[in-house]
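Read through the structure below, which is laid out as structure tokens, and then see the notes.
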Amino acid sequence: MGIEKSLFGVTKDGVEVTAYTMSNASGVSVKFIDLGGTVVSICAPDKNGVVADVVSGYDTPDAYLECGGYTGALIGRYGNRIGNAEFTLDGKTYKLYKNDGKNHLHGGKVGFDRKMWSVRIISEGSEPSAELSYLSPDGEEGYDGNLDVHVTYTLTADGAFSLHYIAATDKKTVLNLTNHAYFNLAGYEKGTILDHEVQIFADRVTEVDEELIPTGKILDVEGTPFDFRVSKAVKRDIHEDNPMLRFGKGYDQNFILNSDGNVNLCAVVKEPESGRIMKVYTNQPCVQLYTGNTINPMEHPYKGNVPKQPFASLCLETQHMPDAPNHAKFEGKNYDYVENATLSAGEVYDYTTIYAFSAE
């Protein structure tokens, strides 16, 4: 019970990486490392009490540094894509690193996923908790302002993993923090997530072009493969003849949540055979569903030498709108959506995401 601290490994550059394992009477445990604030594993019981690791990850620090996919890591400064790797804020144009074709993805060349985060243990009781912090200096990866970021990881008494993001800046900047954990509720080594049943409480989705950059239009999910308002298997519509599915080789879409700004249920994932359920709660305005379409089988294998394969796991990344700095507003048939993804000096970025685990 509480938090157990251990050596996870040493990078090729000689940096020691520490692991922290949170556990309590719920039967759920969460292991993360200070490299990237990366969630290495989440172990949860199934309907028969059998525990499995439901998060994809690696056995060594260098595997996290060398492989793509941002596996399990904290993402910043700006999660998701920024078109043409540039944006204009208050008349100033910012040039960012192009790490996704001509676009900027998940913070750039050395984003938050590759930083060493300071970790402070807050509580080791029935709800173990730790605060991760990182000071991103003015100009890092092309962004303005000294940005002070704190993310609190908590394992609740009822088996939920809570991430509470707090950030402040001394100069106006754009900001979009998230976590990029990959989930397979059968167990990360148990095939694909195509049979997982997913429900997302969203009536709308952003339209994207062939580079997965938002066009500025918002689409109704009604009558499309992106309608997850009623739970359905991932495989049901993933191979539909739809341009956005072709562009992403599967689901890689931003859903605009039916949210009132409070921490509400936004998505539910069920794995039929094990009975495991993951409910996602957030006060973020959007969530990105990514179904592991481009997981590279030729890369370093997962933990325990488990081979990689496309659709091995899925992500539900709570977030602001992708490419929001380049859109004064997003337009739809009967509505306009104005997204504020900026943070000014004196303001506080304050968002929570919760992954709650159960089985039935």
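The structure presented is a predicted model; accordingly, all values stated were derived computationally and were not measured.
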Is the NZ atom of Lys308 crowded by more than 12 outside heavy atoms at less than 6.0 Å? yes
Check whether Phe330 forms a cation-pi arrangement with Arg204 (NZ or CZ under 6.0 Å from the six-membered ring centre, at most 45° off the ring normal). no
Residue pair Ser29 / Ser23, side-chain donor-acceptor N/O under 3.5 Å: no
For the pair Asn99 (side chain) and Leu105 (backbone), establish whether a donor and an acceptor sit closer than 3.5 Å, ignoring hydrogens and angles. yes
Glu360: partners by side chain to side chain contact (heavy atoms under 4.5 Å, CB included), with sequence neighbours left out: Lys270, Ile277
Tell me whether the centres of the aromatic rings in Tyr58 and Tyr64 are closer together than 6.0 Å. yes
Between Asn176 (side chain) and Gly79 (backbone), is there a donor-acceptor pair under 3.5 Å? yes
Restricting to non-hydrogen atoms, name the atom on Ala130 and the atom on Val119 that form the minimum distance, rounded to 0.1 Å. CB-CG1, 4.1 Å
For residues Glu207 and Thr215, is any side-chain donor paired with an opposing acceptor at under 3.5 Å? yes
If two hydrophobic side chains count as joined below 4.5 Å and joins carry through other members, does Leu177 share a cluster with Ile33? no
Heavy-atom count check: over 12 atoms from other residues, nucleotides or ligands less than 6.0 Å from Lys232 NZ? yes
List the steps and the verdict of side chain to side chain donor-acceptor pair (under 3.5 Å) for Asp13 and Thr11. CA-CA 5 Å; Asp13 294 330; Thr11 70; 4.9 Å; no
Report, as yes or no, whether the 6.0 Å neighbourhood of atom CD on Glu211 holds more than 12 heavy atoms from other residues, nucleotides or ligands. yes
Where do Glu210 and Arg246 land on the salt bridge (Lys or Arg N to Asp or Glu O under 4.0 Å) test, with the steps shown first? CA-CA 8 Å; Glu210 63 276 6; Arg246 292 198 302 271; over 6 Å; no
How far apart are the C-alpha atoms of Phe183 and Ile42, what are their side-chain angles, what is the distance that settles it, and do they pass the side chain to side chain contact (heavy atoms under 4.5 Å, CB included) test? CA-CA 9 Å; Phe183 297 98; Ile42 297 178; 4.0 Å; yes
State plainly whether one hydrophobic cluster holds both Val306 and Val40, where clusters connect Ile, Leu, Val, Met, Phe, Trp and Tyr through side-chain heavy atoms under 4.5 angstrom apart. yes
Please report the C-alpha distance between Asp144 and Lys172 in whole Å, then the side-chain angles of each, then the deciding distance to 0.1 Å, and finally whether the salt bridge (Lys or Arg N to Asp or Glu O under 4.0 Å) criterion is met. CA-CA 7 Å; Asp144 253 353; Lys172 190 174 183 180; over 6 Å; no
Here the pair of heavy atoms bringing Val110 nearest to Glu141 is N-OE2, 2.9 Å
Run Asp90 and Lys92 through salt bridge (Lys or Arg N to Asp or Glu O under 4.0 Å) and show every step you take. CA-CA 6 Å; Asp90 292 344; Lys92 179 181 176 180; over 6 Å; no
What do you reckon, is CD of Glu16 surrounded by more than 12 foreign heavy atoms closer than 6.0 Å? no
For Glu347, does the CD atom have more than 12 heavy-atom neighbours from other residues, nucleotides or ligands under 6.0 Å away? yes
Within the distance-only criterion (no hydrogens, no angle test), does the side chain of Asp46 pair as donor or acceptor with the backbone N or O of Gly275 below 3.5 angstrom? no
Distance-only polar pair, side chains of Asp220 and Tyr335, donor-acceptor under 3.5 Å: yes
Judged by modelled atom types alone, do Asn80 and Glu317 share a side-chain donor-acceptor pair under 3.5 Å? no
So Phe87 and Asp323, side chain to side chain contact (heavy atoms under 4.5 Å, CB included) or not? Walk me through it. CA-CA 9 Å; Phe87 64 93; Asp323 200 33; over 6 Å; no
Would Val151 and Val30 show up in the same hydrophobic cluster when neighbours are defined by side-chain heavy atoms closer than 4.5 Å? yes
Looking only at the aromatic ring of each residue, does the gap between the centers of Tyr290 and Tyr251 stay below 6.0 angstrom? no
Ring centroid separation for Tyr351 and Tyr349, is it under 6.0 angstrom? yes
Run Thr60 and Asp62 through side chain to side chain donor-acceptor pair (under 3.5 Å) and show every step you take. CA-CA 5 Å; Thr60 67; Asp62 284 320; 5.8 Å; no
Under 6.0 Å between ring centres: does that hold for Phe311 and His196? no
With under 30° as parallel and over 60° as perpendicular, where do the rings of Tyr153 and Phe161 fit, or are they tilted in between? perpendicular
Quick one: are Thr192 and Lys235 in side-chain contact, heavy atoms under 4.5 Å? no
So, Tyr78 versus Tyr143, ring centres under 6.0 angstrom or not? no
Are Val287 and Val280 close enough that some pair of their side-chain heavy atoms sits under 4.5 Å apart? no
Does one hydrophobic cluster hold both Val221 and Leu314, with members joined at side-chain heavy-atom distances below 4.5 Å? yes
If you measure from CG on Leu219 to NZ on Lys333, what distance do you get to the nearest 0.5 Å? 11.5 Å
Please give me the minimum heavy-atom distance between Ala341 and Ala324, naming the atom from each residue. CB-CB, 3.9 Å
Shortest non-hydrogen contact from Asp113 to Ile75? CB-CD1, 4.3 Å
Mind checking whether Tyr94 and His104 have ring centres under 6.0 Å apart? no
Looking only at side-chain N and O atoms, does Glu339 offer a donor or acceptor that is under 3.5 Å from a partner on His327? no
Short side-chain donor-acceptor distance under 3.5 Å, Thr353 and Thr282: yes
Side chain to side chain, Thr352 and His164, heavy atoms closer than 4.5 Å: yes
Looking at Phe228 and Pro225, what are the two nearest heavy atoms and their distance? CE1-O, 3.8 Å
Given the rule that I, L, V, M, F, W and Y join up when any side-chain heavy atoms are under 4.5 Å apart, are Val39 and Leu35 in one cluster? no
So, the side chain of Arg81 versus the backbone of Asn103: is there a donor-acceptor pair under 3.5 Å, distance only? no
Write down the atom of Asn254, the atom of Gln319, and the distance for their closest heavy-atom approach. OD1-NE2, 2.6 Å
